[in-house]
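Here the structure comes first, spelled out in structure tokens, and everything after it is commentary.
This one's a predicted model, so the numbers in the text were calculated from it and none came from an experiment. Start at 1 with the first residue, then count along the sequence.
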Amino acid sequence: MADTATRADVQHAIDALIRAFGEHDTTAYFEAFSPDATFVFYTHPVPLPSREAYRDLWAEWESDGFRVLACRSSEQIVTFPAPDVAVLTHRVGTTVRDSTGTVELDERETILFRRREESGWIAVHEHLSPQSITAC
């Protein structure tokens, strides 16, 4: 069980990451992830093995007109499976602009955080799934 200071510290890291994403602040957003972070997105055919690989994909999206307009996080659950590990699961409502116009997304996301002695909590893995899946 995490102590109050730890919970507050990881919540600060969570809030900063979500705020940066929602404001399309790419510098702050990508700095919230460790360079060796991994990413699994249902919209992309293969896992991304690093922050740089995700940044490259993000740049491709931007060249096609992608921009995050807003992000809402709800139903947050934060657990601490180990003293220096925190897991966020939440529902994410995102408004984006892409080549087709403005799109509202409803997704589930899990982000794994690791505490670093020198600089606090940092995201090391993100897994994004659609909120609901329609049966085939």
Of all heavy-atom pairs between [X] and [Y], which one has the smallest distance, and what is that distance?
{"X": "S34", "Y": "R114", "value": "OG-NH2, 3.5 Å"}
{"X": "G22", "Y": "C71", "value": "CA-CB, 3.6 Å"}
{"X": "V68", "Y": "V96", "value": "CA-CG1, 4.2 Å"}

Are [Y] and [X] co-members of a hydrophobic cluster defined by side-chain heavy atoms under 4.5 Å apart?
{"X": "F66", "Y": "F39", "answer": "yes"}
{"X": "L105", "Y": "V92", "answer": "no"}
{"X": "F30", "Y": "I122", "answer": "no"}
{"X": "L128", "Y": "I18", "answer": "yes"}

Among residues at least two apart in sequence or on other chains, which ones pass side chain to side chain contact (heavy atoms under 4.5 Å, CB included) with [X]?
{"X": "A123", "answer": "L17, F33, I111, F113"}
{"X": "A28", "answer": "A20, D25"}
{"X": "R67", "answer": "H24, L69, R97"}
{"X": "E60", "answer": "L57"}

Under the side chain to side chain contact (heavy atoms under 4.5 Å, CB included) criterion, do H125 and V40 qualify, and how do the steps go? CA-CA 8 Å; H125 179 74; V40 177; 3.9 Å; yes

How many angstroms lie between atom CG of D15 and atom CD of Q76, to the nearest 0.5 angstrom?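 Between D15 CG and Q76 CD, I get 6.5 Å after rounding to 0.5 Å.
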
With E104 via side-chain hydrogen bond (donor to acceptor under 3.5 Å, both in side chains) - residues at least two apart: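 Counting only residues at least two positions away or on another chain, E104 forms a side-chain hydrogen bond (donor to acceptor under 3.5 Å, both in side chains) with R72, T95.
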
Any [X] side-chain heavy atom under 4.5 Å of [Y] side chain:
{"X": "E23", "Y": "Y29", "answer": "no"}
{"X": "I14", "Y": "H90", "answer": "no"}
{"X": "T6", "Y": "W121", "answer": "yes"}

Name the residue from T38, V87, L88 that meets the side-chain contact (heavy atoms from CB on, under 4.5 Å) definition with L112.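 The single option meeting the side-chain contact (heavy atoms from CB on, under 4.5 Å) with L112 is V87.
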
Tell me which pairs pass side-chain hydrogen bond (donor to acceptor under 3.5 Å, both in side chains) where either residue lies in residues 41-51, with sequence neighbours left out.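 Every side-chain hydrogen bond (donor to acceptor under 3.5 Å, both in side chains) pair that includes a residue of residues 41-51, provided the two are not neighbours, is Y42-E107.
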
Parallel, tilted or perpendicular, judged at 30° and 60°: which one describes the rings of Y54 and W58?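 The rings of Y54 and W58 stand perpendicular, inter-plane angle above 60°.
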
What do you reckon, is CD of E117 surrounded by more than 12 foreign heavy atoms closer than 6.0 Å?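 No, not enclosed.
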
Using modelled atom types and a 3.5 Å cut-off, is there a donor and acceptor pairing between side-chain atoms of R91 and backbone atoms of D106?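 No.
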
